[in-house]
Trainee: 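Sharing a structure, written as structure tokens. Questions coming.
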Protein chains: 2
Amino acid sequence: MTGRSDLPHQDVKAEKPSGRAIVFVIDDDVSIRRSLSNLFQSVNLDVAAFGSAQEMLQGDLPEVASCLVLDVRLPGLSGLELQTELAKLNLHIPIIFITGHGDIPMSVKAMKGGAVDFLTKPYRDQELLDAVVAATERDRKRREVEKTVANLQSLYDTLSSREQAVMKLVAAGLMNKQVAAELELAEITVKIYRGRVMKKMRARTLADLIRMAETLGICANHPE
Amino acid sequence: MTGRSDLPHQDVKAEKPSGRAIVFVIDDDVSIRRSLSNLFQSVNLDVAAFGSAQEMLQGDLPEVASCLVLDVRLPGLSGLELQTELAKLNLHIPIIFITGHGDIPMSVKAMKGGAVDFLTKPYRDQELLDAVVAATERDRKRREVEKTVANLQSLYDTLSSREQAVMKLVAAGLMNKQVAAELELAEITVKIYRGRVMKKMRARTLADLIRMAETLGICANHPE
DNA sequence: TGGAGAATTATACGAATGTTTAGGCTCTCT
DNA sequence: AGAGAGCCTAAACATTCGTATAATTCTCCA
């Protein structure tokens, strides 16, 4: 058995860094935690279960695709409050809500907040599993683009301030001559920096560099 | 008074092509149609009201930012079915659901389908107005980007097949020489086409052209 | 048959780009 | 003080890009 059951604070991330996914379960009822864990483990998903939102917030989130399955009604922080809290912390783990006594405004608020699904008891196991698959898949994709952006950003951070300025203007479509005028440099200096930018950003072509600037959200306000 | 009340099949689009917005109301109850129309008109919104989904589908959608306010329970096509139908027709008008006897799965399905809000009776007028403002704003933005893309596409369509091919490869970062080899042309020919592409696409710089290719989703599978 | 109009290539030239080699300058750290 | 790093410039050269002019081939159409 790979997955764990319902003990808080375990280091799940050390188990399977491969293509697996982790499902976080939060419910104050131990028997529900156990049955959900069994359900997920039966389809080869790793599980980390907690009895309250606070317990989960204390631990770290893994670097693997994951999602959150929780009851709306929880001791301490409620499910919706946890959703708000995670959003504030910029943690975008997909959430699947489960509730026994929810109402429509509650579900609408959850969905507006980006929840993947909002299930009412009793639900069919397959419904929950489908939602979990959709959620982890969404998380996997999000992590993918986030990783790409982070890689680009780390490359961009290695540029000196001058090099960054040149990259902005070049990506905006200015000629070396214009970049030089803008930064009050000699054209030859711009050429040098431009070459260094290409090397440091590992851009083979100008098209690559422009696309990188695009995904990094780098926009120079080209004057005139 | 500019807005109309609850007569179907009126030509609303001829009224105010400016920055106004139109709210489509669908409800089988005449008095509700009337009161919703009054509410929206009181905040300077144009209204077009219908008694059933079919009546609304027969008319054309305006070129102005708009949204749809409808009851889930309707004669003939239900609200959710209308949502599905509009999605099939590739009509992305934002929808606000109102219901007196809805349940959670219904609201979740609506929200998953892209609904802006799902209100339960009784609701406060301000809630509905807020939702309508959010919806029309979303529609305005969507129309904006759609229009941009459409404009680019119409420019792209004026290119000959050769010119389109050259644009793809140039946007992919290939040099004129490589483009020529790829298309089995002389380099000078590629230069000619490239110049024509820049003119026809109204791209001042290569950066512009690459960004246009990006938003048009033009990607050449660069070999090697 | 003649011609208009494309698609394509050639020649030639000016402008822009990229790289190398070689320096000078200022700042910080040791 | 010296070493190193970052910033800036210069000269020289090869490559690439962009455009203008002219010529070839081909199809389509009157």
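Order of the sequence lines fixes the chain letters, A, B, ..., with proteins taken first and strands second; residue numbering starts at 1 for each chain.
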Trainee: Quick one: are B:Val64 and B:Thr136 in side-chain contact, heavy atoms under 4.5 Å?
Mentor: no

Trainee: Closer than 4.0 Å, any side-chain N/O of B:Ser160 to the OP1 or OP2 of C:dA6?
Mentor: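 No, because none of the side-chain N or O atoms of B:Ser160 sits under 4.0 Å from OP1 or OP2 of C:dA6.
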
Trainee: In this structure, how many angstroms lie between the P atom of D:dT15 and the CD atom of B:Gln178, rounded?
Mentor: 15 Å

Trainee: Under 4.0 Å from OP1 or OP2 of D:dC17: is there any side-chain N or O of B:Asn176 that close?
Mentor: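 So the side-chain polar atoms of B:Asn176 do come within 4.0 Å of the phosphate oxygens OP1 or OP2 of D:dC17, strictly under.
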
Trainee: Choose from C:dT9, D:dC8, D:dT9 the nucleotide whose nearest atom is closest to any side-chain atom of B:Ala186.
Mentor: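 Of the candidates, C:dT9 comes closest.
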
Trainee: Less than 4.5 Å apart, side chain to side chain, heavy atoms only: is that true for A:Val190 and A:Leu169?
Mentor: no

Trainee: Within the pair B:Lys191 and D:dT19, is there a side-chain N or O less than 4.0 Å away from OP1 or OP2?
Mentor: no

Trainee: How long is the line joining CE of B:Met175 and P of D:dT15, in whole Å?
Mentor: 11 Å

Trainee: Report yes if at least one side-chain N or O of A:Arg194 is closer than 4.0 Å to OP1 or OP2 of C:dG18; otherwise report no.
Mentor: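 Checking A:Arg194 against C:dG18: at least one side-chain N or O falls below 4.0 Å of OP1 or OP2.
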
Trainee: Rounded off to whole Å, could you give me the CD-to-P distance for the B:Glu187 and D:dC17 pair?
Mentor: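 Rounded to whole Å, this separation is 7 Å.
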
Trainee: Just checking A:Thr189: base, sugar-phosphate only, or nothing, at a heavy-atom cut-off of under 4.0 Å?
Mentor: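 Base, at least one base atom sits under 4.0 Å.
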
Trainee: Tell me: CD1 of A:Ile192 to C1' of C:dG18, nearest whole Å?
Mentor: 9 Å

Trainee: Pick base, sugar-phosphate or nothing for B:Leu185, based on heavy-atom distances below 4.0 Å to the nucleic acid.
Mentor: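 Counting heavy atoms under 4.0 Å across all strands, the contact made by B:Leu185 is with sugar-phosphate only.
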
Trainee: Quick check against the 3.5 Å criterion: does B:Gln83 have a side-chain atom that pairs as donor or acceptor with the backbone of B:Ala110?
Mentor: yes

Trainee: Looking at every non-hydrogen atom in both residues, tell me the closest pair between B:Ala135 and B:Cys67 and how far apart they are.
Mentor: CB-CB, 3.6 Å

Trainee: Let me know, please, whether A:Arg196 or B:Lys177 comes out on the 5' side of the other along DNA chain D by nearest nucleotide.
Mentor: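 Whichever sits nearer the 5' end wins; that is A:Arg196.
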
Trainee: According to a strict under-4.0 Å criterion, is A:Tyr193 in side-chain N/O contact with OP1 or OP2 of D:dC8?
Mentor: yes

Trainee: May I have the distance from A:Arg162 (atom CZ) to C:dT26 (atom P), rounded to whole angstrom?
Mentor: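 My rounded result for the distance is 16 Å.
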
Trainee: Can you tell me the distance, in whole Å, between the CG atom of A:Leu169 and the P atom of C:dA16?
Mentor: 17 Å

Trainee: The side chain of A:Ile188 is closest to which nucleotide in this list: D:dA10, D:dC17, C:dT9?
Mentor: D:dA10

Trainee: Between D:dT16 atom P and A:Met198 atom CE, what is the distance in whole Å?
Mentor: 14 Å

Trainee: Which pair of heavy atoms, one from A:Val108 and one from B:Ser107, lies closest together, and at what distance?
Mentor: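 A:Val108 and B:Ser107 have their closest heavy atoms at CG2-CB, 4.2 Å.
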
